[in-house]
Amino acid sequence: MEQEIKKGLAGVVVDTTAISKVNPETNSLLYRGYPVQELAETQPFEAVAYLLWHGELPTSDDLEHLRRTEREHRALADSVRAAIDLLPHDAHPMDEVRTAVSALGAIDLAGSGSVLDATGSAEENLARSVRLFAALPAIVAYGQRRRRGEELVEPRDDLDYAANFLWMTFGEDPDEIVIDAFNRSMVLYAEHSFNASTFTARVITSTLSDLYSAVVGAIGALKGPLHGGANEAVMHVFDEIGSAERVVPWLDAALAEKRKIMGFGHRVYKNGDSRVPTMRAALDALVAHYDRRDLADLSDALEREFMERKGIHPNLDYPSGPAYHLIGFDTPMFTPLFIASRVTGWTAHVMEQAASNALIRPLSAYDGPDERHVADLTP
Ligand code: CMC
């Protein structure tokens, strides 16, 4: 019987989730029922992390408690730093963060007698999620500083998550506009149902492997330019084009070569990504703050031309790439920033998968040679 193959699992519904709802008809995204743009405009990232893990926004006591725990686990552990320092200075930051999370997992799970002990209870996995969420900014910030030959900056207890992240990266008190833009990006990147990296995390969890292994696998999936790597790739495209005047000839050549234009298109949203206007507003504020109209002109010109020719809308990576550039992050750091945010969604999915687990093991249709035997080979 002819089996129907759904290449790329396109259109396949594999499970239920209560964490987020992506609606392709309305191009909307809800986290636990709340529109993502509302959360980005009103909530600190810590509150959104809490929402993804617990299903409700935190009370002020809940938020205070989470913030206290987060502060306790902010500093870069010596052993994790030592693991990072073993890597070449020009290792890609995605490989660096993947290695650091793997090291964190090995350290945290040291002493667990067997692979069964590592799986973790719901409470243990929540505590691991908070620790990872708290530890990632230091790992990412150190990554940028190490690349630049700068010293590690210790975390500050008087700053909330987003401000402290920027402090540890740049060693300067960040402006409110910058903190707000960065916080928005963290909220917008946090969760997106069964995207490739989240699905990877769920597949790994379904084998009863541990949360750290699930996150390491998810980081590997996120690295690809068809997924998270696109925010870095957008900036390379902007660098390649150079200025708004050069958009038309560049696009003519790129389309003639059948290149995919990074930061445009989406597997689910075909009529626009609801996260874009909120991030675009943050980018506009940064453009004004840093007086970089040239970058906005280039971005607007490419979007206009590409939309006119192909009718394909920009996705979140399109405004977030240049926003991270203006804040001062090096281009290869953009996807690690996505990790620091998405780790909240991944770990919420790990806990949801673990709570009602079924081993994820699809079938394949074989199209290789018919059965044959070594003995039939002629010498
Ligand atoms: N540039 C040029 N053509 C495109 C693009 C693009 N960015 N996106 C889609 N198309 C064309 C594609 O060539 C194809 O045309 P045709 O039917 O003539 O062959 C058609 O549109 C359908 O594209 P597809 O690749 O089959 O659609 P998909 O749903 O498999 O792809 C996508 C979605 C995100 C992989 C794709 O749009 C893409 O490669 N975009 C660029 C990379 C990017 O920005 N990725 C970030 C995605 S959003 C953030 C995230 O989830 O991580």
Side-chain angles (χ1 to χ4, degrees), residues 19-24 26-31 34-43 45 48-49 52 94 140 162 180-199 218-219 221-238 260-287 295-296 298-300 302-303 306-307 310 312-327 329 331-346:
I19 301 169
S20 67
K21 179 178 179 184
V22 176
N23 189 337
T26 53
N27 295 317
S28 66
L29 171 62
L30 309 177
Y31 292 174
Y34 294 103
V36 65
Q37 58 274 35
E38 241 175 66
L39 294 169
E41 283 161 16
T42 62
Q43 299 299 312
F45 182 48
V48 174
L52 293 172
M94 285 299 283
V140 175
D180 178 62
F182 186 60
N183 183 71
R184 281 181 190 220
S185 77
M186 289 285 116
V187 173
L188 294 171
Y189 268 130
E191 161 58 13
H192 214 191
S193 77
F194 280 39
N195 57 83
S197 57
T198 303
F199 189 57
I219 293 173
L222 190 75
K223 184 180 176 188
L226 294 190
H227 189 10
N231 64 2
E232 168 180 338
V234 167
M235 207 57 224
H236 291 308
V237 163
F238 282 13
K260 282 270 180 83
I261 313 302
M262 295 292 131
F264 290 90
H266 201 275
R267 171 59 67 79
V268 181
Y269 306 123
K270 296 301 179 195
N271 299 308
D273 176 336
S274 65
R275 302 168 296 178
V276 167
T278 314
M279 196 60 219
R280 168 89 42 77
L283 174 60
D284 288 345
L286 292 171
V287 162
L295 192 63
L298 167 51
S299 163
D300 292 348
L302 180 59
E303 181 179 338
F306 189 61
M307 277 291 293
K310 289 284 206 175
I312 298 175
H313 294 262
N315 56 54
L316 175 59
D317 294 323
Y318 194 66
S320 71
Y324 288 151
H325 172 75
L326 289 179
I327 292 173
F329 288 104
T331 305
M333 302 310 302
F334 295 0
T335 318
L337 295 171
F338 193 159
I339 297 178
S341 164
R342 186 60 62 87
V343 74
T344 56
W346 289 334

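Residue numbers count from 1 along this sequence. Note that these values count all heavy atoms, side chains included, but never hydrogens, waters or copies made by symmetry.
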Where do [X] and [Y] come nearest, in terms of heavy atoms and distance?
X	Y	result
Gly345	Leu52	N-CD1, 4.1 Å
Arg342	Asn195	NH1-ND2, 3.0 Å
Met279	Ala323	CE-CB, 3.6 Å
Ala218	Trp346	CB-CE2, 3.4 Å
Thr278	Ala40	CG2-CB, 3.9 Å
Tyr31	Leu188	OH-O, 3.2 Å

Can you check whether [X] reaches [Y] side chain to side chain, under 4.5 Å on heavy atoms?
X	Y	result
Asp273	His313	no
Phe45	Thr344	yes
Val234	Val237	no

Close aromatic pair by centroid cut-off 6.0 Å: [X] and [Y]:
X	Y	value
Phe329	Phe182	yes
Tyr269	His192	yes
Tyr318	Phe306	no

Return yes if some donor-acceptor pair links the side-chain N/O of [X] with the main-chain N/O of [Y] below 3.5 Å, else return no.
X	Y	value
His227	Ser197	yes
Ser20	Ser193	yes
Lys270	His266	yes
Asn271	Pro24	no

Of Val187, Asp317, Asn27, Val36, the one forming a side chain to side chain contact (heavy atoms under 4.5 Å, CB included) with Arg275 is Val36

Is any NZ, NE, NH1 or NH2 atom of the basic residue among Arg280 and Asp284 found under 4.0 Å from an Asp or Glu carboxylate oxygen of the other? no

Closer than 4.0 angstrom, basic N to acidic O: yes or no for Lys21 and Glu191? no

Is a donor from one side chain sitting under 3.5 angstrom from an acceptor on the other, for Thr331 and His236? no

